[in-house]
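I have placed the structure first, in the form of C-alpha cells, so that the comments after it can refer back to it.
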Amino acid sequence: MPSSHSQFIWFFVVYFFLFLYLRMHQTNNARCVELLWRHILSITLLGVALSVSYSRVYLLYHTWSQVFYGGVAGSTIGVVWFFFTQEVLTPLFPKIAAWPISEFFLVRDTSLIPNILWFEYTVTRSEARNRQRKLGTKLQ
C-alpha cells in the first residue's frame, strides 16, 4: 500500500505537466504547432498514467484504493518537488554555475534562453563562419 508504480507514473506526469505548461518559456508568438504538440504530449502522458494505474488492478497486483492513494501520493510529491525546484533550486543555480568546479565541468545556465535549439544553431553557425574567415585570411 500504496502502489509504487502508480505513485511513480503520477509523479512523472504531474511534474511533466507543470514543467510543460509553467516552466517552459512561453512566447507571445507561440505557433499553433508548438501548442498542439504540447497538448498531444499531455494527452498521451495522461493516457499512459491511466493505463499503468489500470494495469496494476487488472493484473491483480493492487486494489483500486492502493492505486488511488499511490496516484495521490505521486501527484502531491510531484507538485511539491516542482515548486521546490522552481522556487528554491532555480534561483540558486546561477551561483552554483559560477563555482570553479562548475566551470571546470562546463556547467552552464541556459534557463533564460527561450529556444535552446535555435540558440545553439545560430551560435554554432556564426562561430563556424568566424573560424572559416580566420582560416581564410591566414591562408592568403
Using the rule that Ile, Leu, Val, Met, Phe, Trp and Tyr join whenever any side-chain heavy atoms are under 4.5 Å apart, tell me whether Val107 and Ile101 fall into a single cluster. yes

For a side chain to side chain contact (heavy atoms under 4.5 Å, CB included) with Leu46, tell me which candidate from Val48, Ile43, Leu50 qualifies. Leu50

Less than 4.5 Å apart, any side-chain heavy atom of Gln66 and any of Tyr61? no

Inter-residue atom distance His62.NE2 - Ser55.OG, 0.5 Å rounding: 9.0 Å

If you look at every heavy atom in Thr90 and Thr85, which pair is closest and at what distance? OG1-O, 2.7 Å

When you measure from the side chain of Thr124 to the backbone N and O of Tyr121, does any donor-acceptor pair fall under 3.5 Å? no

Any idea which heavy atoms bring His39 and Tyr21 closest together, and the distance? ND1-OH, 2.9 Å

Could you tell me which residues satisfy side chain to side chain donor-acceptor pair (under 3.5 Å) with Arg129, sequence neighbours excluded, listed by chain and number? none

Residue list, salt bridge (Lys or Arg N to Asp or Glu O under 4.0 Å) with Glu87, at least two apart or on another chain: none

hydrophobic_cluster_shared for Leu22 and Phe19, side chain cutoff 4.5 Å: yes

Atom OG1 in Thr76, atom OH in Tyr69: separation rounded to 0.5 Å? 12.5 Å

Could you see if Trp64 belongs to whatever hydrophobic cluster contains Leu60? Use Ile, Leu, Val, Met, Phe, Trp, Tyr and a side-chain cutoff under 4.5 Å. no

Kindly check if the number of other-residue, nucleotide or ligand heavy atoms within 6.0 Å of CZ (Phe68) is above 12? no

So, for Glu103 and Ala97, which heavy atoms are closest and what is the spacing to 0.1 Å? CG-O, 3.9 Å

Exercise: identify the closest heavy-atom pair between Ser75 and Trp10: OG-CB, 3.7 Å

To the nearest 0.5 Å, atom CD1 of Ile40 lies from atom CG of Leu45 at 12.0 Å

If I take atom CZ from residue Phe17 and atom CG from residue Leu41, how far apart are they, to the nearest 0.5 angstrom? 8.5 Å

Is there a path from Phe105 to Leu92 through hydrophobic residues (I, L, V, M, F, W, Y) whose side chains come within less than 4.5 Å of each other? yes

Identify the two heavy atoms, one from Ser3 and one from Val67, that lie closest to each other, and give their separation to 0.1 Å. CB-CA, 4.1 Å

For the atom pair CZ (Arg23) and CZ (Phe16), what is the distance rounded to the nearest 0.5 Å? 13.5 Å

From Ser51 atom OG to Arg56 atom CZ, the distance as rounded to the nearest 0.5 Å: 13.0 Å

Going by heavy atoms in the side chains, are Trp37 and Leu20 under 4.5 Å from each other? yes

Give a yes or no on whether the backbone of Ser6 and the side-chain of Ser53 come within a donor-acceptor separation of less than 3.5 Å. no

State plainly whether one hydrophobic cluster holds both Val88 and Tyr15, where clusters connect Ile, Leu, Val, Met, Phe, Trp and Tyr through side-chain heavy atoms under 4.5 angstrom apart. yes

Leu18 to Phe83 - nearest heavy-atom pair and separation: CD1-CE1, 4.5 Å

